[in-house]
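Written out below as structure tokens is the structure these notes cover.
Per chain, numbering begins at 1; letters A, B, ... match sequence-line order. Worth saying up front: this structure is predicted, and the values here are computed from it rather than measured.
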Amino acid sequence: MAKLVWFRHDLRTLDNPMLNYACRSGQPVYGCYLITAQQWQRQNHSPLRNQYVLNRLSALRQELADCHIPLIIKSCDDYDGCLYELEQLCMQLAIDEVVMGAEYGLWERQRDEKIHAALATQSIPMTRFTSQVLVAPGEVTTAQGQPYRVFTPFSKAWKAQLSLHELSPLAAPKQHPQNTKIDEGLSDAQLTRFAGGESCWPVTQEQVLNHLNLFVKQKVSHYQQWRDFPSEPATSRLSVALAHGVFSTAQALHLLQQSYPEQYLDPKTGPGCWLNELIWREFYIQLLAQFDTISQGLAFKSETRAIQWEQNPAALTAWQQGKTGIPIVDAGMRQLNEIGWMHNRVRMICASFLCKNLWLDWREGEKYFMSKLIDGHLASNNGGWQWSASTGTDAAPYFRVFNPISQSQKFDPQGDYIRHWVNELASLSAAQIHDPDNTVRQKVNYPQPLVDLKQSRKQAIARFAAQTKRD
DNA sequence: TGCGACTTTCA
DNA sequence: GAAAGTCGC
Ligand SMILES: Cc1cc2nc3c(=O)[nH]c(=O)nc-3n(C[C@H](O)[C@H](O)[C@H](O)COP(=O)(O)OP(=O)(O)OC[C@H]3O[C@@H](n4cnc5c(N)ncnc54)[C@H](O)[C@@H]3O)c2cc1C
């Protein structure tokens with residue numbers, strides 16, 4: 001009899017509770033990953049993200065091989081196909097337990113429930129661990145026993161919970177070498193072919209951990225000061241690795257704690273501010289796990305669900321292509337389109353512009369981001385969009401509307417970020433670049449602003465006021 | 001991590 | 001009449 005570890009969003013060998021549990025049994029251990037291409041397409045996963053996953057799987061297979069654990073990679077259409085593949089594997093490999101890290105989207109929870117029930121009829125237990133977050137959804141609750149809906153109290157409870165958690169990361173387990181040859185499914189050559197190239201993002205665990213180490217040692221102290229300036233390389237850019245579980249919150253936190261024991265809990269310091277961002281990620285994940293409306297595409301605040309958003313395909317396309325005539329928005333959208341990643345400050349500006357100034361449905365923005373981001377993750381992406389749209393819990397108040405040009409002047413004062421991503425504006429001065437004069441726009445062939453910022457802001461606030469009063 | 005309308009304070 | 005403060009969307 002053997003154990004099967006099903007990898008999903010925890011593509012690592014270090015600090016992996018499933019692997020450790022399976023290996024402690026003393027039985028043979030097999031890893032598996034199921035590629036569900038149709039499902040990915042239905043959920044708008046971006047091509048660059050798929051490429052990253054496929055590259056990462058080759059690397060993970062090597063890392064697992066160092067532990068003498070084979071990684072079987074199979075392809076099936078969608079979540080329904082997963083059950084069949086798992087049953088096949090259980091039969092072929094004489095599996096007596098399937099082990100996995102919990103996933104929190106509604107469809108993923110339903111899939112896992114189905115599989116759990118089906119395997120149970122064959123007396124194969126399915127055991128779920130917490131692998132994506134340090135503090136499991138529901139582990140901390142408000143005094144009334146409710147899930148937290150507000151970030152600050154959640155983060156306090158989260159930190160208070162740390163004393164109960166072992167932070168020193170689990171080592172990668174080592175199995176005895178196995179001689180028996182098994183069918184590992186898709187070969188590395190096939191993975192490389194499907195990936196269609198090499199991801200620009202680090203794919204090995206070693207590269208990612210080096211990057212994490214370097215960030216914590218050299219950059220996190222200045223994080224608080226510089227994180228909002230998109231032309232500064234001040235943020236960790238670890239979201240891609242975190243979204244796929246190449247390392248855990250505990251691994252990052254352990255480093256922070258070791259390096260900055262006096263600071264890491266204080267959000268006013270660089271390390272403490274960065275930890276807060278890791279907690280934001282866990283905050284949104286626990287919301288996703290405990291409120292089905294997020295997976296169902298409903299606004300979190302019910303009083304905002306009746307809002308009639310504009311239907312304007314031309315404006316949506318202009319926004320998507322980075323041709324809105326608002327330089328900072330266009331720079332952000334072009335960064336997203338080109339590299340599948342956007343700086344957080346600019347994500348907020350682009351999202352706010354779509355919802356508040358263009359009055360387009362935040363779900364259109366959410367969908368488009370998901371179709372381009374490599375770090376795309378339902379919990380954080382939905383969280384970010386509902387924050388921006390003021391439809392979320394603990395969101396930006398509807399009357400606090402960003403002015404993208406003031407944001408641009410404040411956070412990209414020299415215009416370096418804009419110059420880098422918007423070619424037409426590369427030669428403009430800092431005085432012109434945030435909102436060029438008509439004549440300058442014509443000269444460099446840059447569009448006029450798609451909307452009047454002042455007027456659209458006023459209208460958005462009025463519409464929200466009318467909507468929320470109605471109840 | 002908002003901003004305009006309005007009031008108060010000071011010269 | 002400028003600057004600083006307060007209010008409400
Ligand atoms: C509209 C919108 C959509 C977003 N979509 C996603 C998404 O699909 N996936 C995603 O991982 N993040 C998303 N974010 C959050 C944030 O923009 C990115 O996590 C961040 O820009 C990643 O860069 P970094 O790794 O350099 O972050 P750092 O500043 O170094 O932060 C460290 C880590 O903390 C987490 N984090 C940071 N900020 C947030 C946040 N606001 N919410 C949740 N987690 C956070 C990320 O995992 C990040 O890697 C979105 C934000 C907005 C406003």
Side-chain angles (χ1 to χ4, degrees), chain A residues 149-156 222-232 234-235 239 266-270 272-281 283-284 287 299-309 324 326-329 331-332 342-359 362 365-366 369 380-413 417-418 434-435 449 451-471:
Chain A
R149 297 156 183 258
V150 181
F151 175 75
T152 306
F154 173 78
S155 72
K156 291 197 174 125
H222 316 291
Y223 178 77
Q224 152 90 330
Q225 194 180 359
W226 293 109
R227 65 182 180 132
D228 276 320
F229 295 81
S231 68
E232 299 291 329
T235 71
S239 53
D266 178 0
K268 291 191 286 295
T269 68
C273 180
W274 194 64
L275 175 59
N276 254 10
E277 299 308 317
L278 298 179
I279 304 175
W280 269 104
R281 178 175 163 278
F283 175 66
Y284 285 137
L287 287 178
F300 194 97
K301 281 191 186 144
S302 53
E303 68 270 27
T304 65
R305 286 184 197 153
I307 289 177
Q308 297 279 309
W309 304 96
T324 66
I326 309 293
I328 189 73
V329 172
M342 198 197 299
H343 187 278
N344 180 58
R345 168 63 42 186
V346 192
R347 289 188 206 202
M348 295 194 292
I349 297 170
C350 291
S352 163
F353 180 75
L354 183 91
C355 304
K356 302 296 174 66
N357 298 110
L358 297 181
W359 200 251
W362 55 273
E366 182 192 14
F369 266 35
S380 301
N381 192 40
N382 182 281
W385 275 97
Q386 294 218 57
W387 184 90
S388 304
S390 305
T391 60
T393 177
D394 205 12
Y398 69 80
F399 47 79
R400 199 174 291 159
V401 175
F402 284 1
N403 180 322
I405 293 169
S406 324
Q407 290 280 313
S408 181
Q409 286 162 342
K410 199 161 168 186
F411 297 114
D412 187 28
Y417 176 79
I418 295 172
H434 304 288
D435 184 16
V451 277
D452 182 283
L453 293 177
K454 247 192 156 134
Q455 188 252 317
S456 55
R457 165 187 178 276
K458 237 178 108 176
Q459 189 171 42
I461 293 173
R463 283 167 158 171
F464 257 99
Q467 193 62 52
T468 45
K469 214 168 34 209
R470 206 161 295 170
D471 276 305

Discussion item. The criterion is ring pair (Phe, Tyr, Trp, His ring centres under 6.0 Å); which residues satisfy it with A:Phe229, sequence neighbours excluded?
Written reply: A:Trp226, A:Phe411
Fill in: For A:Phe151, all residues meeting ring pair (Phe, Tyr, Trp, His ring centres under 6.0 Å), sequence neighbours excluded
A:Trp280, A:Phe283
Fill in: Partner set under salt bridge (Lys or Arg N to Asp or Glu O under 4.0 Å) for A:Asp394, not counting sequence neighbours
none
Item to complete: Under 4.0 Å between any heavy atoms, over every strand shown, what does A:Tyr398 touch: base, sugar-phosphate, or nothing? Just pick one.
Response: sugar-phosphate
Worksheet item: By side-chain contact (heavy atoms from CB on, under 4.5 Å), which residues pair with A:Thr235, not counting sequence neighbours?
Response: A:Tyr223, A:Arg227, A:Arg237, A:Trp341, A:His343
Practice prompt. Sequence neighbours left out, what passes side-chain contact (heavy atoms from CB on, under 4.5 Å) with A:Ala460? Give chain and number order.
Written response: A:Lys356, A:Trp359
Using atom names, set out every protein N or O paired with an N or O of nucleotides 3-5 of chain B below 3.5 Å, distance rounded to 0.1 Å.
from, atom 1, to, atom 2, distance (Å)
B:dC3, O4', A:Arg457, NH2, 3.0

